Protein chains: 2
Amino acid sequence: MNKNQALPSDARSLPWDHPRFRSWIAVARACQLMQTVLTRELATLDIKPPHLDILINLFRFEGISQQELARKLLVGRSNMSMTLPQMEKRGLIERRGDKKDKRVLRLYLTEEGRRVTQSAMAIQTSLIERTLSEEPLEQCMAMAESMERLIVRLHADFDDEAETA
Amino acid sequence: MNKNQALPSDARSLPWDHPRFRSWIAVARACQLMQTVLTRELATLDIKPPHLDILINLFRFEGISQQELARKLLVGRSNMSMTLPQMEKRGLIERRGDKKDKRVLRLYLTEEGRRVTQSAMAIQTSLIERTLSEEPLEQCMAMAESMERLIVRLHADFDDEAETA
DNA sequence: CCAATAAAGTTCAATCTTGAACAATAAAGT
DNA sequence: ACTTTATTGTTCAAGATTGAACTTTATTGG
């Protein structure tokens, strides 16, 4: 019985024999598909999922800084520096310097941005509702709670590895 | 009571009031974090999640064609045409022409590729087990079943929109 | 007050991904 | 047999993302 455990690289005990592994693969696959379909449906508004993520965050947290936004979205600051000016040129958002701290740029939705955000959220919500409608509400809630726990755990790993490096 | 429902673009009834929407956002966020952490841990092997996806599929389905692989991974054929030659140069995989059909290239792992795949799978499995260890097995299984159903539903949408276009 | 350090944002080069146009081969229809 | 249509894989240009180096502004410590 020690034999198998002593050989981590052994072909026995393949990952797909682990129930949690299989479960997670299903989660990842569903996410990827959802993303793909969402990308297609958002095309009518000429925006992509990353833009929607930004818009939704500005919708909820008006006046957030680029840094804070990048952290929330788990992307690099440079990403924001490349993407936000484009969205500004398209008239979706506005960037104004902070009065107190001249380093930070605070972000706001324009009226047009707010309209696009609401249309896009309607598309996303409809897709999600349509896709999850057959799943019992209890099951959805239980899933959400599990995911919240995973997020906490993963964030610990994330920050750990970041400061170790 | 009719007032609110008659205004779909109204600011009331925000997406995050819908329990299924909130649930899915949590799923998406957990996935993204998992991906980020996995990317960091795979760096020691000098491969990235897309490479691992390819390796795992070759591990399971030896002799698969580029087309089939692209379909499984939900990426474009051009992606495979760009990525696979790199992996071939790194000695992880091998591409051999099909005898019957001169159009198709069939994919195989090299010995080195098999070693790397096993190391990478060990990393991924360990990360998943570590992250999901506190979730009851029943809950994991229920989640997996939900996800399988979502995948079926989304795939229907996916194919629909593809052939409509 | 001044030097050192930290933080916010930008720039740039490298890498990934995608979709459209293309070449080669196979399958179908006549 | 032969023209048309499909399929497989490649190429190319455009767009997205990242990490490192850099600039400007704040903060900290002497």
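A, B, ... follow the sequence lines: proteins, then strands. Residue 1 opens every chain. What you see is a predicted model, and the numbers here were worked out from it, not measured in a lab.
The CD-P distance, from Gln35(B) to dC16(C), rounds to 14 Å in whole Å. In this entry the distance linking CG of Leu74(A) with P of dT18(D) reads 10 Å, nearest Å. In this structure, the CD atom of Gln67(B) is 17 Å from the P atom of dT25(C), given to the nearest Å. Counting to the nearest Å, the P atom of dG19(C) and the CE atom of Met80(B) are 13 Å from each other. Rounding to whole angstrom units, CE of residue Met87(B) and C1' of dC16(C) are separated by 14 Å. Computed from coordinates, the Leu105(B) CG to dA26(C) P distance equals 12 Å when rounded to whole Å. In this entry the distance linking CZ of Arg40(A) with P of dT18(C) reads 12 Å, nearest Å. In this entry the distance linking CG of Leu52(A) with C1' of dA16(D) reads 16 Å, nearest Å.
Closest to the Arg103(B) side chain, of the nucleotides dA26(D), dT25(C), dT10(D), is dT25(C). Distances from the side chain of Gln66(B) to the nucleotides dA7(C), dT15(C), dT10(D) place dT10(D) closest. Considering only the side chain of Asp101(A), dT25(D) comes nearest among dG9(D), dT25(D), dT25(C). The listed nucleotides are dT11(C), dG9(D), dT18(C); the one nearest the side chain of Ser65(B) is dG9(D). Of the candidate nucleotides dG9(C), dT18(C), dA26(C), dT18(C) has the atom nearest to the side chain of Asn79(B). Relative to the side chain of Met82(A), the nucleotides dC12(C), dT8(D), dT11(D) differ in distance, and dC12(C) lies closest. Candidate nucleotides dT17(D), dT8(D), dA7(C) were compared by shortest atom distance to the side chain of Val104(B), and dT8(D) ranks first.
The side-chain tip of Arg95(A) does not point at the ring of Tyr108(A) from less than 6.0 angstrom away and within 45° of straight on. Geometrically, Arg40(B) engages Phe158(A) in a cation-pi contact defined by less than 6.0 Å to the ring centre and at most 45° from the axis.
Ion pairing between Glu111(B) and Arg114(B) holds under the 4.0 Å rule for side-chain N and carboxylate O. Glu134(B) and Arg149(A) are not joined by a salt bridge, as no carboxylate oxygen comes within less than 4.0 angstrom of a charged side-chain nitrogen.
In this model, the phosphate group of dG15(D) is not approached by any side-chain N or O of Gln86(A) to a distance below 4.0 Å at OP1 or OP2. Between Arg95(A) and dT10(C) there is a side-chain polar atom (N or O) within less than 4.0 angstrom of OP1 or OP2.
If Lys48(A) and Arg77(B) are placed on DNA chain D by their nearest nucleotide, the residue sitting closer to the 5' end is Arg77(B). Residues Lys100(A) and Val75(A) each lie close to DNA chain D; by heavy-atom proximity, the contact nearer the 5' end of the strand is made by Val75(A).
Searching all strands for a Watson-Crick or G-U wobble partner of dT30(C) with both distances below 3.5 Å returns dA1(D). The nucleotide dC22(C) finds its pairing partner in dG9(D), both defining distances of the Watson-Crick or G-U wobble pair being shorter than 3.5 Å.
Across Ile128(A), Val27(A), Leu132(A), Leu150(A), a single residue satisfies side chain to side chain contact (heavy atoms under 4.5 Å, CB included) together with Val27(B), and that is Val27(A).
Glu112(A) CD to Ile93(A) CD1: the interatomic distance, rounded to the nearest 0.5 Å, is 13.0 Å.
Taking only distance into account, the side chain of Ser81(A) never meets the base of dG9(C) through a donor-acceptor pair shorter than 3.5 Å.
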